[in-house]
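For reference, the structure discussed in these notes is given below.
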Amino acid sequence: METLPRHFFLDKAFEEHAYEDKAFPIGNKQTISQPYTVAYQTILLNISPREKILEIGTGSGYQAAILSMMGGRVFSLERQEELYHKTSKLLTRLGFTRISTFLKDGYLGLPEYAPFDKILVTAAAPEVPKTLLEQLSVNGLLVIPVGGSEGQKMLRIKKTGANKFEQKVLDNFRFVPFKKGINRTHS
Ligand code: SAH
């Protein structure tokens with residue numbers, strides 16, 4: 001995280017605040033996660049080089065870039081069309097060739113590339129989507145904040161068998177909501 005300039009991922013208006021440990025608006029009512037949260041989720045994923053990682057909520061692309069720098073092969077889904085286009089261009093411009101972005105509803109996952117070694121959800125989920133558990137490989141990890149708008153608990157779920165899971169309930173966080181469907185706003 002020290003080697004990746006965070007100001008690349010922020011709107012000009014917030015550039016001077018890029019190195020504060022805070023979340024900031026990135027348009028379409030979404031936010032770039034606080035660096036603490038990015039570090040927290042990344043550590044929980046325990047990434048090894050060449051693992052296949054599915055991220056739900058591309059947003060600014062910052063978390064995807066960190067996952068890629070950890071050696072992962074990243075597949076990132078975003079439901080906001082405008083953000084999807086903007087961030088896809090940025091990641092290409094910055095040379096992140098091992099991140100693939102998709103304008104897709106994260107509730108459906110990405111069956112065509114499943115199973116994934118790791119799945120990371122960066123939006124507040126009311127519950128753990130079954131689809132994502134299905135798309136996890138055995139011994140794979142899902143990191144997901146679960147709860148309502150008042151706050152969420154971070155969960156780390158390990159798939160221990162075809163239909164077996166071990167769950168750890170961790171700290172409190174506050175993410176933007178995990179919403180269903182695609183929001184086509186691109187002009
Ligand atoms: N990982 C991002 C955090 C962005 S905030 C970053 O590093 O900047 C969460 C993002 O999840 C938002 O951009 C929001 O639009 C997206 N999101 C919410 N529900 C989604 C869904 N069903 N599918 C895909 N993305 C979703």
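Basis for what follows: all heavy atoms, side chains included, without hydrogens, waters or symmetry-related copies. First listed ligand is number 1; within each ligand, the first listed atom is number 1. In this text the structure is predicted, and so the values were computed from the model without any measurement.
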- Query: For Tyr84, which residues count as a ring pair (Phe, Tyr, Trp, His ring centres under 6.0 Å) partner, sequence neighbours excluded?
  - Reply: none
- Aromatic plane relationship, Phe75 with Tyr113 - under 30° parallel, 30 to 60° tilted, over 60° perpendicular: tilted
- Message: Please check: side-chain N/O of Arg156 versus main-chain N/O of Leu44, any donor-acceptor pairing under 3.5 Å?
- Response: yes
- Message: On the six-membered ring of Phe165, is Lys159 placed so that its NZ or CZ lies under 6.0 angstrom from the centre and within 45° of the ring axis?
- Response: no
- Task: Give the cluster check for Ile99 versus Leu77: same hydrophobic cluster or not, with ILVMFWY residues linked at side-chain heavy-atom distances below 4.5 Å.
- Result: no
- Task: Could you pull out every protein residue that has a heavy atom closer than 4.0 Å to ligand 1, ordered by chain and then number?
- Result: Gln30, Thr31, Ile32, Ser33, Glu55, Ile56, Gly57, Thr58, Gly59, Ser60, Tyr62, Gln63, Leu77, Glu78, Arg79, Gln80, Leu83, Lys104, Asp105, Gly106, Tyr107, Thr122, Ala123, Val176, Pro177, Phe178, Lys179
- Query: Between Lys118 and Leu54, is there a donor-acceptor pair closer than 3.5 Å when you use the side chain of the first and the backbone of the second?
  - Reply: no
